[in-house]
Enquirer: 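I'd like to ask some things about the structure below.
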Number of protein chains: 2
Amino acid sequence: MFKTGIPDIAPAKAKRGLLPEKARERLLNAAGEVFAERGYRRATVREICRRARVNVASVNYYFKGKEDLYTDVLEFAYRQARQKYPDSDAAGRGGSTESSLFGFVRLFLLRILDEGRPAWFGKLMAREIVEPTGALDKVIDRAIRPLHESLESLVREIVGGRPRDAEIRRHVFSILGQCLFYRHARPVIARLHPDVRFDAAEIERTARHIAAVALSGMKPRGTAR
Amino acid sequence: MFKTGIPDIAPAKAKRGLLPEKARERLLNAAGEVFAERGYRRATVREICRRARVNVASVNYYFKGKEDLYTDVLEFAYRQARQKYPDSDAAGRGGSTESSLFGFVRLFLLRILDEGRPAWFGKLMAREIVEPTGALDKVIDRAIRPLHESLESLVREIVGGRPRDAEIRRHVFSILGQCLFYRHARPVIARLHPDVRFDAAEIERTARHIAAVALSGMKPRGTAR
DNA sequence: CCCTGTCTTAAACATATGTTTGAAACAAGT
DNA sequence: ACTTGTTTCAAACATATGTTTAAGACAGGG
């Protein structure tokens, strides 16, 4: 009984950035996989530990428990996604606001649809949005609200004129909705159109389509309202 | 030991339609509530039975088990939603195809956003789409595919000309995505815009917006590609 | 070589939860 | 009243699963 059982703070956290981090890192990766596949509830710490080739007690040693492991995984996945597809690729760069919109959509799609190595980010977000776990508030503050606000100001620019808040909001939702559908409804899409593959080229075409639809909806025309 | 333990078929099923159906009906309703609130996994048969004021063993008596109860609830909820908002309100009625599109969007939104008494339908569908449970295939065949196909033919009419399948598909997804966002992202929306209430009037305005955006995106214009 | 702090491990623990059981209550027909 | 088929019930069962425990392995300094 050299300790109360749980270290107040994950011990390895201090050494962050060093190479020999094995167990904790493996746990994060394995947990990301399993949480993404099964969701928070259906994921078992035993399977996570099995995949990480680590003892079951480790998750309580390095993290406080399953819940804290999950929030750490969310944070981890968010950083990975941003690192793989940095903001600089598209955000408020030079060029027309119209092309900025396309860039935004493209970047967003890439991040949420990526199926590469750590593909968890999109899946974790999709689940968290539809079925919050208590970590949602943190996710909103860290990831969703900034994204939402930057898109909102973009829309405000494009619509121009005297912007009514409700209309701006609806346009923002239309854009986000079109994008997120490809993530949320993936199981359904796969069954309705088994042939379509969402590789880089298809994502590119999809981004073009969404940006075009959104733009034509926002450009002053007699149709709307 | 008058029986093998489980009746081959729920006994009351034969009597369907008669008034005295109490326990089984109560179970379906309670199960709908709980499944909608917590999702399949987190819902416990004990809580369902508590709300239905029924013994725990009942769910295995009237249904084969939790799983079959769930699929029966899905079917039940689907019928309720169709009954409350019948197709005839909007589908392929007279009037321009443009107004048909508005009707479609409106009806779809009403069905998935309804928060009235048995509000489960939308919630159950949202969860099933994002995180299938094994009942998804049945749901697709019974509810999703017909809806998808009717929307597809509507889009095909509106776009006109020589329709490329991929483009039709993207327009269909854009419309569905815009609608489903309001269901899927509801927890997030509630936090980003705590003031907005999705009553009948707001749904009406939202439907108008979505139909307008979709239409302007489909109408032949130089923008799209 | 021992001491000390860090990590790892197998086993146990506690609890939640779907399911089964065997008997009793009930209803209906005869 | 007896019989028979159906429904309800409390208790038990079996299992999955998050967590804790207590002992050992390991490394670095003294």
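Below, read A as the first sequence line, B as the second, and so on, with proteins coming before strands; counting in each chain starts at 1. Hydrogens, waters and symmetry mates are skipped; everything else that's a heavy atom, side chains included, is used. What you see is a predicted model, and the numbers here were worked out from it, not measured in a lab.
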Enquirer: Write out all pairs satisfying salt bridge (Lys or Arg N to Asp or Glu O under 4.0 Å) with one or both partners inside residues 189-198 of chain B, taking only residues at least two apart or from two chains.
Expert: A:D137-B:R191

Enquirer: Hey, which of these two, A:V54 or A:R41, hits DNA chain C nearer its 5' end, going by closest nucleotide?
Expert: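 On the 5' side of the pair lies A:V54.
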
Enquirer: Please determine if B:D72 and B:K64 form a salt bridge, counting it only when a charged side-chain N lies under 4.0 Å from a carboxylate O.
Expert: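 A salt bridge is absent here (no side-chain N lies under 4.0 Å from a carboxylate O).
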
Enquirer: Among all residues two or more places apart in sequence or in another chain, which pass the ring-ring contact (aromatic ring centres under 6.0 Å, His included) test with B:F108?
Expert: none

Enquirer: Starting from P on C:dT6, measure out to CZ on A:R24 and report it in whole angstrom.
Expert: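 In whole Å, C:dT6 P lies 15 Å from A:R24 CZ.
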
Enquirer: Salt bridge between A:E47 and A:R51, side-chain N to carboxylate O under 4.0 Å?
Expert: yes

Enquirer: Just to verify, what does A:E131 make a side-chain hydrogen bond (donor to acceptor under 3.5 Å, both in side chains) with, not counting sequence neighbours?
Expert: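 Residues passing side-chain hydrogen bond (donor to acceptor under 3.5 Å, both in side chains) with A:E131: B:R127.
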
Enquirer: Would you mind reading off the distance between A:F63 atom CZ and C:dC7 atom P, rounded to a whole angstrom?
Expert: 12 Å

Enquirer: Can you list the residues that meet the side-chain hydrogen bond (donor to acceptor under 3.5 Å, both in side chains) rule with A:E202, with sequence neighbours excluded?
Expert: A:R205, B:R170

Enquirer: Measure the distance from CD on B:E47 to P on C:dT17 and round it to the nearest whole Å.
Expert: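 It is 9 Å, rounded to the nearest whole Å.
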
Enquirer: Using a 4.0 Å cut-off on heavy atoms, which residues in residues 32-40 of chain B reach DNA chain C? List them by number, or say none.
Expert: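 Output list: empty, so none.
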
Enquirer: Using atom NZ of A:K22 as one end and atom C1' of D:dC26 as the other, report the distance to the nearest whole Å.
Expert: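 That distance rounds to 11 Å.
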
Enquirer: Quick one: ring-ring contact (aromatic ring centres under 6.0 Å, His included) partners of B:F102, sequence neighbours excluded?
Expert: none

Enquirer: Out of D:dT19, D:dT6, C:dG18, which nucleotide sits closest to the side chain of B:Y61?
Expert: D:dT6

Enquirer: Of the listed nucleotides (C:dG18, D:dG18, D:dT8), which one gets closest to any side-chain atom of A:K66?
Expert: D:dG18

Enquirer: Without decimals, in angstroms, what is the distance between A:R50 CZ and C:dT9 P?
Expert: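 After rounding, the gap between these two atoms is 15 Å.
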
Enquirer: Counting only pairs under 3.5 Å, give me each side-chain donor-acceptor contact of residues 177-186 of chain A, with atom names and distances, residues two or more places apart or in other chains.
Expert:
| from | atom 1 | to | atom 2 | distance (Å) |
| --- | --- | --- | --- | --- |
| A:Q178 | OE1 | B:S174 | OG | 2.7 |
| A:Q178 | NE2 | A:S174 | O | 3.3 |
| A:R183 | NE | A:I112 | O | 3.0 |
| A:R183 | NH2 | A:I112 | O | 2.9 |
| A:R186 | NH1 | A:E115 | OE2 | 3.1 |

Enquirer: Could you state the CG-P distance from B:N60 to D:dT7, rounded to the nearest angstrom?
Expert: 15 Å

Enquirer: By nearest nucleotide on DNA chain D, pick out whichever of B:R53 and A:E67 is the more 5' one.
Expert: B:R53

Enquirer: Identify each atom pair where a protein N or O and an N or O of nucleotides 10-14 of chain D are less than 3.5 Å apart, giving names and distance.
Expert:
| from | atom 1 | to | atom 2 | distance (Å) |
| --- | --- | --- | --- | --- |
| D:dA10 | N7 | B:N55 | ND2 | 3.1 |

Enquirer: Would you mind reading off the distance between B:L27 atom CG and C:dT19 atom P, rounded to a whole angstrom?
Expert: 13 Å

Enquirer: Do any pairs count as a ring-ring contact (aromatic ring centres under 6.0 Å, His included) and have a residue in residues 134-155 of chain A, sequence neighbours left out, and if so which ones?
Expert: A:H148-B:H193

